[in-house]
A.B. asks: 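Please see the structure below; I have some questions.
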Amino acid sequence: MKILLRSLFMLLVIFNPNAQQTARAFTGTYGINYGRIADNIPSPDKVVKLLRAAKIKNVRIYDAEPSVLNAFKGTGLELVVGLPNGFVKEMSANADHALNWVKDNVKAFLPDTRIVGIAVGNEVLGGSDNEMEVALLNAVKNVYNATKKLGISDVVQISTAHSQAVFADSFPPSYCVFKDGVAQLMKPLLEFFSKIGSPFCLNAYPFLAYTYNPDKIDINYALFQPNEGIVDNKTHLHYDNLLDAQIDAAYAALEDAGFRKMEVIVTETGWASDGDENEPAATPSNARTYNYNLRKRLAKRKGTPLRPKKMLKAYIFALFNEYQKTGQSSEKNFGLFKADGSISYDVGFSGLQDISAASSLLSLKNICRKRKLAEEKKRKGKKRRRQHGYHAVLGVSKTVGA
């Protein structure tokens, strides 16, 4: 039956000239952000080993660095590349520049490197650069049109990620709407994304919410630990963790803007393992608790209280600690792994040295197995030769039909 339905769908696509295939940029529920603002982190080829050992398939980077794209060739890992904020105005003003950028940084690496998405800018709306905010929509359109011209729009999804600065209020979740200064720019962007089938991408940080409001938020609520939770007095829905509430606040804002069916994907979330004096919650213990519990939450493959049927998908921030990042100390310490490739804390992944040791042990076992097989083959060969000699002495023929 499933085969029949799939065949019927394909026929509809083939014979309907208005049908549009929608690119999907996420497999499963768990992904990672691979930032590289540090000169002491592992090389891209070692990063590939780390990701494959951890069985993390979905990866986001913040540029389109050729050394990374080449390292990911033939790995099966699915990559979302980023068009940095510094290019947004240029791509908005010049469609040819957008075409060339997509051709050189995306098309040139397909299909060997599985680039499944382009993130146009990061946290542009709600920021301090009004010119960039105004330019974002046209940059998104020009990049999308470039993928259409190059014949890759059905495999490469276009998106842009937003911080929670785009919201006027997110508590309780059902009261959330877009800020007045953002809404005018957000609505046409959402209309375009709705047309091409792209999700609303949200960078959601319970760590930041708790850090700024420790007297109002129970840390257990932020860390997915047992707690009383909160009840939204409008929807009467119960929330036992802050991340779900932040996501449903985004869904409420989308519904208020007229985009109830749009999916929300978390493009960044994480917890810092170290920070400044005014960031006391940034500890290895809290970071481990958040990321371990988040991994369990995503493994359940369920939705949020407001959208129970929309399976939650999230990219964790981040793969490595990045000591060259600016800002508070917490910004440099979101990594699941330290710069040397060892784990920052245990959430079930192995560090590079452990992977190398396991690989060496496996290689040694394979060598021993091959030697054992060779010795066994040699013994069988000697036995056959002895039997042949014995039959020859007796004058017995082994020829069939003799």
Side-chain angles (χ1 to χ4, degrees), residues 25-63 65-82 109 111-117 266-273 284 287-301 312-323 332-370:
F26 206 112
T27 301
T29 62
Y30 194 93
I32 196 90
N33 285 279
Y34 169 24
R36 304 186 319 282
I37 307 179
D39 58 12
N40 60 346
I41 60 176
S43 59
D45 59 313
K46 290 182 180 178
V47 169
V48 166
K49 291 181 181 178
L50 202 63
L51 293 169
R52 295 182 84 172
K55 297 182 180 178
I56 299 175
K57 188 172 185 177
N58 304 290
V59 186
R60 286 170 60 89
I61 60 176
Y62 294 89
D63 55 15
E65 168 58 39
S67 64
V68 175
L69 301 184
N70 282 318
F72 276 63
K73 278 185 179 179
T75 63
L77 300 174
E78 298 187 348
L79 194 62
V80 174
V81 301
F109 293 91
D112 296 336
T113 301
R114 296 189 66 178
I115 300 172
V116 296
V266 178
T267 36
E268 287 183 17
T269 189
W271 198 285
S273 59
R288 189 258 175 198
T289 299
Y290 181 81
N291 282 296
Y292 180 77
N293 287 338
L294 174 59
R295 193 178 176 199
K296 287 199 303 182
R297 161 72 177 85
L298 294 171
K300 292 178 181 178
R301 305 174 74 88
L312 178 59
K313 304 168 186 175
Y315 289 91
I316 312 309
F317 188 88
L319 189 57
F320 296 112
N321 288 336
E322 300 169 75
Y323 84 98
K332 306 172 185 181
N333 292 285
F334 273 89
L336 297 183
F337 296 88
K338 298 177 182 177
D340 62 3
S342 63
I343 59 173
S344 297
Y345 38 80
D346 186 11
V347 292
F349 299 135
S350 298
L352 272 177
Q353 288 186 339
D354 295 329
I355 294 167
S356 297
S359 179
S360 297
L361 182 61
L362 183 61
S363 297
L364 183 61
K365 285 182 178 179
N366 286 335
I367 290 170
C368 291
R369 186 173 63 84
K370 287 178 181 178

A.B. asks: Look at the aromatic rings of Phe349 and Phe337 and report parallel, tilted or perpendicular, splitting at 30° and 60°.
C.D. replies: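 Judged by the thresholds at 30° and 60°, the geometry between Phe349 and Phe337 is parallel.
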A.B. asks: Side chains of Tyr62 and Asn33: any donor to acceptor distance under 3.5 Å?
C.D. replies: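 A pair is found: one side chain offers a donor N or O, the other an acceptor, under 3.5 Å apart.
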A.B. asks: Is Arg288 close enough and on-axis enough to Tyr292, meaning under 6.0 Å and within 45°, for cation-pi?
C.D. replies: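 Output yes; distance and angle both within limits.
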A.B. asks: With sequence neighbours left out, what residues match Lys338 under side chain to side chain contact (heavy atoms under 4.5 Å, CB included)?
C.D. replies: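 With sequence neighbours excluded, Lys338 shows a side chain to side chain contact (heavy atoms under 4.5 Å, CB included) to Asn321, Asp340, Ser342, Ser344, given in chain and number order.
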A.B. asks: Under the side chain to side chain contact (heavy atoms under 4.5 Å, CB included) criterion, do Arg52 and Thr75 qualify, and how do the steps go?
C.D. replies: CA-CA 8 Å; Arg52 295 182 84 172; Thr75 63; 4.3 Å; yes
A.B. asks: Would you give the length of the straight line joining atom NZ of Lys332 to atom OH of Tyr323, rounded to the nearest 0.5 angstrom?
C.D. replies: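 The distance works out to 10.0 Å.
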A.B. asks: To the closest 0.5 Å, what do you measure between CG (Leu77) and CD1 (Ile56)?
C.D. replies: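 With rounding to 0.5 Å, CG (Leu77) is 9.5 Å from CD1 (Ile56).
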A.B. asks: Are any side-chain N or O atoms of Thr29 and backbone N or O atoms of Leu312, one a donor and one an acceptor, separated by less than 3.5 Å?
C.D. replies: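 It does not hold such a pair.
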A.B. asks: Report the distance from atom CD1 of Ile41 to atom OH of Tyr34, rounding to the nearest 0.5 Å.
C.D. replies: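 Output value for this atom pair is 5.0 Å.
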A.B. asks: Could you tell me if Tyr315 and Thr269 have a donor-acceptor pair between their side chains, going purely by distance under 3.5 Å?
C.D. replies: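 There is no such pair (donor and acceptor under 3.5 Å, judged by atom type) between the side chains of Thr269 and Tyr315.
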A.B. asks: What residues, two or more places apart in sequence or in another chain, satisfy side chain to side chain contact (heavy atoms under 4.5 Å, CB included) together with Lys73?
C.D. replies: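 Per chain and number, Lys73 pairs via side chain to side chain contact (heavy atoms under 4.5 Å, CB included) with Asn70, Phe109, Asp112, Thr113.
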A.B. asks: Are any of the side-chain nitrogens in Arg114 or Glu78 under 4.0 Å away from the carboxylate oxygens of its partner?
C.D. replies: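 Between Glu78 and Arg114 there is a salt bridge, with a charged N closer than 4.0 Å to a carboxylate O.
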A.B. asks: Run the side chain to side chain contact (heavy atoms under 4.5 Å, CB included) check on Leu51 and Leu319 step by step: do they pass?
C.D. replies: CA-CA 9 Å; Leu51 293 169; Leu319 189 57; 4.1 Å; yes
A.B. asks: Residues two or more places apart in sequence or in another chain: which of them pass side chain to side chain contact (heavy atoms under 4.5 Å, CB included) with Asp45?
C.D. replies: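 Asp45 satisfies side chain to side chain contact (heavy atoms under 4.5 Å, CB included) with Ser43 once adjacent residues are dropped.
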A.B. asks: Within this structure, what is the CG-CG distance for the pair Asn293 and Leu298, rounded to the nearest 0.5 Å?
C.D. replies: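 Separation between the atoms: 11.0 Å.
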A.B. asks: So Pro42 and Leu352, do their side chains get closer than 4.5 Å, heavy atoms only?
C.D. replies: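 The answer is yes, as the side chains (C-beta and beyond) meet within the 4.5 Å cut-off.
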A.B. asks: Hey, are the side chains of Val116 and Thr27 touching, using non-hydrogen atoms and a 4.5 Å cut-off?
C.D. replies: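 Heavy-atom side-chain distance check fails, nothing below 4.5 Å.
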A.B. asks: Can you find a side-chain donor-acceptor pair between Asn291 and Tyr345 that sits under 3.5 Å?
C.D. replies: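 Yes.
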A.B. asks: List the atom of Glu322, the atom of Ala38, and the distance in Å for their closest heavy-atom pair.
C.D. replies: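 Residues Glu322 and Ala38, closest heavy atoms: CA-CB, 3.9 Å.
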A.B. asks: For the residue pair Ile61 and Val80, establish whether any side-chain heavy-atom pair is separated by less than 4.5 Å.
C.D. replies: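 The answer is no; the side chains never approach within 4.5 Å.
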A.B. asks: Starting at CG of Leu336, measure out to CZ of Phe317 and round the result to the nearest 0.5 Å.
C.D. replies: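 Rounded to the nearest 0.5 Å, the CG-CZ separation comes to 10.5 Å.
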A.B. asks: Supply the atom-to-atom distance Arg297 CZ to Tyr290 OH, rounded to the nearest 0.5 angstrom.
C.D. replies: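 Rounded to the nearest 0.5 Å, the CZ-OH separation comes to 10.5 Å.
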A.B. asks: Write down the atom of Ala272, the atom of Ala287, and the distance for their closest heavy-atom approach.
C.D. replies: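 Taking Ala272 first and Ala287 second, the nearest heavy atoms are O-CB, 3.8 Å.
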